[in-house]
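Quick notes on the structure that follows.
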Amino acid sequence: MKNQINVTHTTGNKLTCTAVFLLLSITLYGLPTTAQHTMPDRHEILESDLIINTFERNTFSLDGRWEIIIDPYQHGLYDYQSRRRSDGFFLNQRNTAPGDAFEYDFDLSDQLHVPGDWNTQMTELHWYEGSIWYKKDFRWEPDSSKRVFLYFGAVNYDAQVWVNGKEAGRHTGGFTPFNFEVTDLLADGDNFVVVLADNQRRPEGVPSLMKDWFNYGGITRSVKLIETEQSFIQDYYVQLARGRTNQIEGWVRINGQPHEQQVTLRIPEAGVEIQAQTDSDGLAYISVEAEPELWHPDNPRRYEVELITETDRISEMIGFRTIETSGKEILLNGKPIFLRGVNIHEEAPYRLGRANTVDDARILLDWSEEMGCNFVRLSHYPHNEHIIREADRRGILVWAELPVYWQLQWTNEETLANARNQLSEIIHRDKNRAAVMIWSMSNENQATEGRVQFIESLVELTRSLDPVRLVTSALMARSHPELPDAWLIDDPMGEMMDVISINQYLGWYGGGPRPLDHITWVNSYDKPLIISEFGGGSLQGWYAGKEQRWSEEYIAYHYRNTLEMFDQMEHLSGTIPWILMDFRSPRRTLPRIKDGFNRKGLVSDQGVKKEVFYIMQEYYRRKAVKE
Ligand code: GCU
């Protein structure tokens with residue numbers, strides 16, 4: 001039985017390319033220096049083995065029911081003396097003869113659905129932080145002319161993967177995709193894959209021990225086998241050059257021999273058809289004049305972009321727009337834009353748990369658009385690819401963020417390498433999405449030793465992988481040392497950012513709701529300023545008067561005061577209330593009000609809009625009129 005391929009096979013027919021060779025001036029391995037400054041660093045490109053755009057490839061889904069074994073002591077991996085076992089659970093053995101002594105049997109064990117966190121699937125796993133073994137049987141008919149990769153959308157937090165008892169690879173980081181080549185591990189007929197997922201929080205982790213969200217564990221996003229040609233298009237980057245609306249630049253990366261091939265880039269509706277030659281690393285830079293209709297929230301125009309090599313072909317819809325800053329303005333396609341945003345955690349509406357479906361994405365973005373948003377901050381970690389692609393289709397701008405959250409081990413080299421790896425993975429996955437306009441390095445990091453150097457390393461990597469998008473971090477302001485009723489924005493991290501973003505909770509933390517329109521903000525940087533968090537908590541439907549904390553009236557009063565303060569601020573480029581929907585957090589234990597939820601949502605976790613939703617909706621209606 002041929003492997004069920006759920007995407008049409010690549011045609012692979014060689015296109016007779018009538019390329020108008022606009023690239024004659026381009027050396028095969030580089031570009032005129034004028035363009036070079038906007039082109040990513042080839043070393044960083046070649047560092048990644050991530051396969052992008054899995055939706056348009058020949059894939060075989062492994063989603064569904066997986067057998068599981070809960071293993072808090074990891075005794076399936078270590079023996080009684082804590083030595084790593086050679087006969088661990090990854091062998092998927094079972095007792096067949098009467099004398100067999102295996103102390104586990106996947107096929108007689110419980111099951112969990114993949115994708116999905118384990119906390120919301122089994123009551124006994126609600127608070128579980130530890131290891132769980134997953135096993136999935138599948139049949140495969142190897143094709144000697146093809147290669148096969150095992151791809152995970154995400155596993156929180158650490159994943160060790162075996163195929164047919166042989167190690168495939170290991171990945172750390174709970175919110176980014178990864179893949180391992182398994183061509184030589186697959187058998188003809190029956191196969192099995194085993195994953196050891198471990199969601200324990202770690203001091204050296206990214207994020208570390210303390211966070212204000214629920215530590216949902218498990219294989220939280222889809223798993224699939226990707227069948228490719230021996231030599232295939234693994235990765236590519238096709239965007240407008242920074243600040244240019246008439247120059248498309250990028251690169252194409254081939255994985256597999258022969259590395260040196262002709263690559264054709266076709267964007268039929270933009271009149272683009274060019275060729276380039278990949279080098280001995282399989283990499284070719286591209287640059288071509290073109291004037292595509294620009295992607296914009298009011299008109300999210302996208303083009304079918306095709307890449308064809310001698311052995312492979314892939315396509316996807318890509319939008320073209322420029323995003324840059326000028327003084328205190330953010331410019332989209334050269335024009336100032338005010339970002340009418342909302343923060344979103346990856347919490348599934350209604351059912352709760354890790355959001356990971358297209359429907360979850362649509363509901364969250366529907367609410368955002370209903371509020372009048374043209375922008376979402378996908379807080380505090382990379383979200384699933386569905387919401388990025390849905391935002392791209394709808395014309396909603398996106399702030400994507402790395403979980404460098406609160407306090408990390410800034411001087412731990414492993415922690416930095418982990419953060420850099422997660423950053424590289426998310427940039428590789430989403431770098432062709434016009435909607436993604438900002439990469440955020442971190443959130444609310446106290447000024448402790450090593451923090452700036454750590455973040456500086458992430459900024460440098462970001463700019464080397466993606467020269468066109470903006471970089472920020474969610475920082476904190478401080479009470480002005482001289483001026484009364486003033487707040488000073490002077491975190492040294494602002495030096496390396498394109499956009500200054502500040503989380504502020506005046507009127508919520510450190511004193512209740514009160515008029516704030518006398519407050520002044522002093523931005524030390526001649527850069528755009530976004531208020532990346534503000535707001536407060538309320539129990540949806542609880543009316544108990546304006547003096548009663550957590551009531552709807554209390555928070556409505558607070559929001560009105562906050563928005564009046566924003567109206568006084570000149571040069572504000574965006575506002576992002578915290579947060580769209582109530583979400584689970586173990587730090588929120590006030591009975592009958594919070595019950596394990598952070599209640600700063602503008603919408604309850606059951607989809608009921610609070611009064612503050614409509615206050616924001618009115619505010620954004622006014623802001624939209626001014627544009
Ligand atoms: C912080 C933090 C959020 C947190 C929020 C809150 O600013 O960035 O992750 O949930 O405030 O206190 O609710």
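Counting starts at 1 for both ligands and their atoms, in listed order. None of these values were measured; they are calculated from a predicted model.
Only the side chain of Asn443 comes within 4.0 Å of ligand 1, judged by heavy-atom distances. No part of Gln504 comes within 4.0 Å of ligand 1, judged by heavy-atom distances.
The nearest heavy-atom contact from the protein to atom 7 (O) of ligand 1 is Glu444 OE2, 2.3 Å. The protein heavy atom nearest to atom 13 (O) of ligand 1 is Lys600 NZ, 2.6 Å. Among protein heavy atoms, atom 4 (C) of ligand 1 sits closest to Asp212 OD2, 3.2 Å. At the top of the distance list for atom 8 (O) of ligand 1, counting protein heavy atoms only, stands Glu533 OE2, 2.7 Å.
Ring pair Phe534/Phe566 is perpendicular by interplanar angle, where above 60° counts as perpendicular and below 30° as parallel. The aromatic rings of Trp508 and Tyr554 sit perpendicular, their planes meeting at an angle over 60°, well past the 30° parallel limit. The aromatic rings of His383 and Tyr381 lie parallel to each other, with less than 30° between the two planes, well short of the 60° mark. The aromatic rings of His126 and Phe214 are tilted relative to each other, their planes meeting at an angle between 30° and 60°.
The environment of Gln606 atom CD is dense: over 12 non-hydrogen atoms of other residues, nucleotides or ligands sit within 6.0 angstrom. Around the CD atom of Glu124, the shell of radius 6.0 Å holds more than 12 heavy atoms that belong to other residues, nucleotides or ligands.
No side-chain heavy atom of Tyr237 sits less than 4.5 Å from a side-chain heavy atom of His428.
Within the set Trp578, Trp508, Phe583, Tyr509, the minimum heavy-atom distance to atom 12 (O) of ligand 1 is found for Tyr509.
Residue Trp213 places no heavy atom under 4.0 Å from ligand 1. Not a single heavy atom of His345 lies less than 4.0 angstrom from ligand 1.
Near Asn503, meaning under 4.0 Å from one of its heavy atoms, ligand 1 places the atoms 7 (O), 8 (O). Near Arg588, with a cut-off below 4.0 Å to any heavy atom, the atoms of ligand 1 are 6 (C), 12 (O), 13 (O). Residue His380 has at least one heavy-atom neighbour below 4.0 Å for each of these atoms of ligand 1: 3 (C), 8 (O), 9 (O).
Ring centroids of Tyr505 and Trp578 are separated by 6.0 Å or more, keeping the two rings apart.
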